[in-house]
> 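First, the structure itself, so that you have it in front of you.
If you're wondering where the values come from, they're calculated on a predicted model, not measured in any experiment. Along the sequence shown, residues are numbered consecutively beginning with 1.
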Amino acid sequence: MQRSIVLWLSLTLRPTRVLCTARFFEGQSPGLPNPAAMENGTGPCGEECPREVQETTITEGAAKIAFPSANEVFYNPVQEFNRDLTCAVITEFARIQLGAKGIQIKVPGEKDTQKVVVDLSEQEEEKVELKENENLASGDQPRTAAVGEICEEGLHVLEGLAASGLRSIRFALEVPGLRSVVANDTSARAVDLIRRNVQLNDVAHLVQPSQADARMLMYQHQRVSERFDVIDLDPYGSPAPFLDAAVQAVSEGGLLCVTCTDMAVLAGNSGETCYSKYGAMALKSRACHEMALRIVLHSLDLRANCYQRFVVPLLSISADFYVRVFVRVFTGQAKVKASASKQALVFQCVGCGAYHLQRLGKASGVPGSRVKFSAACGPPVTPECEHCGQRHQLGGPVWAEPIHDLDFVGRVLEAVSANPGRFHTSERIRGVLSVITEELPDVPLYYTLDQLSSTIHCNTPSLLQLRSALLHADFRVSLSHACKNAVKTDAPASALWDIMRCWEKECPVKRERLSETSPAFRILSVEPRLQANFTIREDANPSSRQRGLKRFQANPEANWGPRPRARPGGKAADEAMEERRRLLQNKRKEPPEDAAQRAARLKTFPCKRFKEVRSLLPFPHDRTCESPLWATGRELGELEPGKCLGVGFPFQERNPSGAAELRAGVHTHHLPTRAPVNAGTSAATPTAPRHPGFLLMLSLTVQRPPTRAPVDLGMPLGQA
């Protein structure tokens with residue numbers, strides 16, 4: 001009987017398995033499934049797979065990827081810009097590395113596009129063809145590396161957290177000069193999906209799926225002969241757990257690409273968490289995105305220093321909801337000694353936002369000769385800000401050296417501009433890299449237009465006006481790719497506030513409304529020593545702005561940002577998450593309503609402190625009233641001791657003595673004066689209001705002590 005049941009089940013499940021296999025390999029030639037995809041029980045129709053697997057096929061770049069519709073393997077289409085930029089950077093890195101070995105790389109569409117851009121004449125094209133023919137005849141043509149081919153002396157690439165394998169497959173299909181690509185993930189479902197996608201794109205000769213912990217895999221490749229030339233880390237959240245292994249597993253002069261999506265931590269919302277992950281305190285400021293980049297670079301260099309290695313930044317990007325850094329890692333004990341002088345603490349004023357950097361170390365000596373390293377002297381600020389008198393916050397350490405290699409950025413920009421059809425996001429890459437080439441490399445952090453104007457409560461000058469004033473004062477100024485309204489300048493904070501004081505004279509602020517202790521009052525009380533000139537200069541408008549490049553892209557779709565973490569069978573949970581996001585959208589925005597609707601809503605608003613709420617007593621509101629306000633004894637007489645009553649009356653002095661103790665409740669409503677209120681004070685004898693125009697709505701509880709006489713409800717409140 002048991003044998004017959006087993007036989008019946010196997011015959012029943014066999015058609016389901018065949019159907020499942022056909023769904024996984026949809027689009028391939030008919031026939032049996034590929035044995036490589038079924039080995040070790042990791043094929044698409046193993047026992048752990050559901051009977052009906054729904055998959056979605058997407059095309060990005062040159063790759064075609066199938067992934068589960070349920071969120072079992074992480075995929076985020078928002079990161080296409082990140083992947084396109086990474087392919088462009090690794091291509092230029094391969095051009096540099098293989099060029100030193102006499103190998104030229106061939107990028108599809110690059111040569112033809114360059115001919116169109118240069119616009120050679122027919123005679124010049126004939127000369128070029130003759131030279132090529134001569135090289136072919138002489139046999140001196142250099143070796144080449146093409147896309148999709150194995151280059152024996154090429155790059156050994158590791159993607160530590162591959163998920164669906166999209167990035168690794170795009171490397172194999174779009175980046176020339178590769179020897180191998182290891183697509184690793186710790187999830188068995190993800191590795192199974194990588195195998196199928198590798199077969200789907202026919203790149204099994206280049207891409208090697210791997211299931212292992214990324215840290216252990218990198219620790220196993222610490223030997224010089226086994227290191228990777230390129231390591232790409234794009235985790236869900238913080239890459240901090242992987243950085244120590246990554247700086248040891250990358251080859252000498254190799255490329256390390258790191259993405260951080262935990263921007264809430266890096267932007268200063270949780271400074272102690274940032275210190276535990278990256279070894280630096282993040283500050284809340286308008287320059288938080290560039291500070292996040294510098295914190296990540298500091299963390300990478302700090303971990304590399306433990307192994308006598310150091311990092312050289314090539315490109316650092318802040319885009320959308322993440323930061324992305326590309327660094328080269330080198331070994332050298334002498335260069336490691338200079339790392340302390342590359343880090344700095346940040347002193348930021350909490351009042352006006354002025355910041356100062358304090359280097360941790362000091363390097364002195366003539367370039368080319370022996371350099372002496374010592375501790376730096378500081379601090380660069382007084383206990384109170386010299387501009388507004390407020391205290392300073394201390395952040396960092398952060399990377400204080402340039403965060404880009406402008407020569408390398410120029411090479412990437414030139415290649416992308418010459419071949420715009422290579423990437424779907426080429427237009428945005430051109431815009432972002434163009435702004436980066438215009439940034440001041442030796443000026444850390446920046447101010448913003450709205451920050452400067454809101455500090456002194458004045459109108460905001462235009463970007464060209466402020467840039468022109470700085471240029472007229474012989475200071476350098478640039479934009480920043482990390483913020484649209486950024487002002488990156490080598491002008492000291494004193495010069496900036498002098499310019500803003502001159503601007504305030506053209507757009508005066510009502511000084512009588514400023515508090516004497518406010519930053520605005522203290523800044524504006526000083527006469528400017530620098531006379532600003534706001535006449536627009538031609539060089540104030542940067543080239544990227546004049547050409548109208550896509551520098552700061554707006555969110556192209558709803559819920560633009562990080563996707564939820566991958567989870568098994570996560571489609572139902574995905575839908576619940578999307579519904580929750582939809583409900584929480586604009587939750588702080590109240591729908592428009594008229595005064596009558598608002599009054600009706602406030603009367604029915606539930607009291608959270610007391611169980612029973614009675615109707616509000618209509619007390620008269622008189623700004624010049626000096627006589628006591630009278631309560632309706634009938635309403636108070638109906639209350640039993642301990643019951644609750646809602647009362648409205650103007651804010652006034654109260655005497656705590658009396659047989660009736662009126663306790664302040666939950667709701668306060670401010671009229672135009674916006675005066676502060678202490679809602680916890682007991683109410684008794686009312687007198688003339690201190691703050692006319694302020695109405696206080698209180699929930700009151702009547703308590704009658706048994707040892708005292710009962711309250712005469714015909715007397716004014718507080719005189720019982």
Side-chain angles (χ1 to χ4, degrees), residues 160-161 214-215 218 233-248 256-307 309-311 313 316-318 321-325 327 329 336 338-351 353-362 375-376 378-381 383 385 390-401 403 444-446 482-483 562 565:
L161 306 156
R215 292 166 293 186
M218 290 186 286
L233 297 176
D234 190 0
Y236 186 92
S238 173
F242 309 98
L243 299 184
D244 182 79
V247 296
Q248 300 180 64
L256 183 58
C257 318
V258 181
T259 300
C260 306
T261 58
D262 55 336
M263 288 303 297
V265 174
L266 288 169
N269 287 351
S270 182
E272 64 281 0
T273 305
C274 184
Y275 180 81
S276 65
K277 292 182 177 181
Y278 301 99
M281 286 290 294
L283 298 178
K284 281 187 177 181
S285 67
R286 302 301 175 91
C288 60
H289 292 93
E290 182 178 329
M291 191 171 184
L293 287 171
R294 295 183 178 275
I295 287 176
V296 175
L297 292 175
H298 158 75
S299 182
L300 285 170
D301 192 62
L302 183 64
R303 285 168 167 82
N305 291 164
C306 299
Y307 310 101
R309 312 194 81 182
F310 61 96
V311 302
S316 305
I317 294 287
S318 172
F321 53 88
Y322 61 90
V323 293
R324 176 79 162 168
V325 296
V327 301
V329 182
V336 170
S339 291
S341 59
K342 299 177 182 178
Q343 322 297 327
L345 297 173
V346 180
F347 291 84
Q348 177 181 281
C349 174
V350 300
Y355 61 86
H356 302 269
L357 269 67
Q358 171 64 63
R359 299 271 181 158
L360 294 182
K362 181 181 179 182
V381 296
C385 177
Q390 302 293 324
R391 67 186 187 279
H392 289 91
Q393 285 182 324
L394 184 60
V398 300
W399 180 266
E401 293 294 301
I403 61 177
L445 306 181
Y446 53 81
C483 182
R565 185 186 296 271

> For the atom pair OG (S339) and CZ (R309), what is the distance rounded to the nearest 0.5 Å?
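If we round to the nearest 0.5 Å, S339:OG and R309:CZ are 13.0 Å apart.
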> Is any side-chain heavy atom of I317 closer than 4.5 Å to one of V323?
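A side-chain contact is absent here, since even the closest heavy-atom pair is not under 4.5 Å.
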> For L360 and A340, work out which heavy atoms get closest and say how close.
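Heavy-atom minimum between the residues: CB-O, 3.5 Å.
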> Any non-hydrogen side-chain atom of I295 less than 4.5 Å from a side-chain atom of M291?
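The answer is yes; the side chains approach within 4.5 Å.
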> Would you give the length of the straight line joining atom CG of L233 to atom CZ of R324, rounded to the nearest 0.5 angstrom?
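Answer rounded to 0.5 Å: 8.5 Å.
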> So do the side chains of F242 and L161 get within less than 4.5 Å of each other, counting heavy atoms only?
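Heavy-atom side-chain distance check passes, below 4.5 Å.
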> For a 4.5 angstrom cut-off between non-hydrogen side-chain atoms, does Y355 reach V381?
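A side-chain contact is absent here, since even the closest heavy-atom pair is not under 4.5 Å.
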> Shortest non-hydrogen contact from H289 to S318?
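In terms of heavy atoms, the two residues are closest at CB-OG, 3.4 Å.
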> Using the side chain to side chain donor-acceptor pair (under 3.5 Å) rule, take Y236 and D262 through it: C-alpha gap first, then chi angles, then the decisive distance, then the call.
CA-CA 8 Å; Y236 186 92; D262 55 336; over 6 Å; no
> I need the Y446 OH to S285 OG distance, nearest 0.5 Å.
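Rounded to the nearest 0.5 Å, the OH-OG separation comes to 7.5 Å.
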> Apply side chain to side chain contact (heavy atoms under 4.5 Å, CB included) to residues K284 and N269 and explain how you reach the verdict.
CA-CA 7 Å; K284 281 187 177 181; N269 287 351; 3.1 Å; yes
> Please report the closest heavy-atom contact between S316 and P313, naming both atoms and the distance.
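Shortest heavy-atom contact: OG-CB, 4.5 Å.
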> What's the shortest heavy-atom distance between T259 and P239, and which atoms?
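Scanning both residues completely, I find the closest heavy atoms to be O-CG, 3.7 Å.
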> A side-chain contact here means heavy atoms from C-beta on lying under 4.5 Å apart; do R215 and P241 qualify?
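R215 reaches P241 side chain to side chain.
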> Are H392 and V350 side-chain neighbours, meaning at least one heavy-atom pair lies under 4.5 Å?
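With C-beta onward as the side chain, the pair stays apart.
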> Side chains of V346 and L445, heavy atoms from C-beta outward: is any pair under 4.5 Å?
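In contact.
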> If you apply the rule salt bridge (charged side-chain N to carboxylate O under 4.0 Å, His left out), what do you find for R359 with E401, and how did you get there?
CA-CA 10 Å; R359 299 271 181 158; E401 293 294 301; 2.7 Å; yes
> Of all the heavy-atom pairs spanning C274 and A282, show the shortest one and how long it is.
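Of all heavy-atom pairs spanning C274 and A282, the closest is SG-CB, 3.8 Å.
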> Just how far is it from atom CZ of R303 to atom CG of L243, taken to the nearest 0.5 Å?
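So the gap between those two atoms works out to 5.0 Å.
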> Hey, could you give me the CZ/CG distance between F347 and L357, rounded to the nearest 0.5 Å?
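Answer rounded to 0.5 Å: 9.5 Å.
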> Does any non-hydrogen side-chain atom of W399 lie less than 4.5 Å from one of S299?
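Of all side-chain heavy-atom pairs linking W399 with S299, none is under 4.5 Å.
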> Looking only at side-chain N and O atoms, does D244 offer a donor or acceptor that is under 3.5 Å from a partner on Y307?
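On atom types as modelled, these side chains qualify, holding a pair under 3.5 Å.
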> Of V311, V336, V329, which meets side-chain contact (heavy atoms from CB on, under 4.5 Å) against D301?
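Among the candidates, only V311 passes.
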> What heavy-atom pair brings S341 and K362 nearest, and what distance separates the two atoms?
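Heavy atoms only, the tightest pair is CB-N, 4.2 Å.
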> Is it true that E272 and K277 make a salt bridge, defined as a side-chain N closer than 4.0 Å to a carboxylate O?
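Result for this pair is no, no salt bridge flagged.
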> To the nearest 0.5 Å, what is the distance between CG (L266) and CZ (R294)?
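Atom-to-atom, L266:CG and R294:CZ are 14.0 Å apart.
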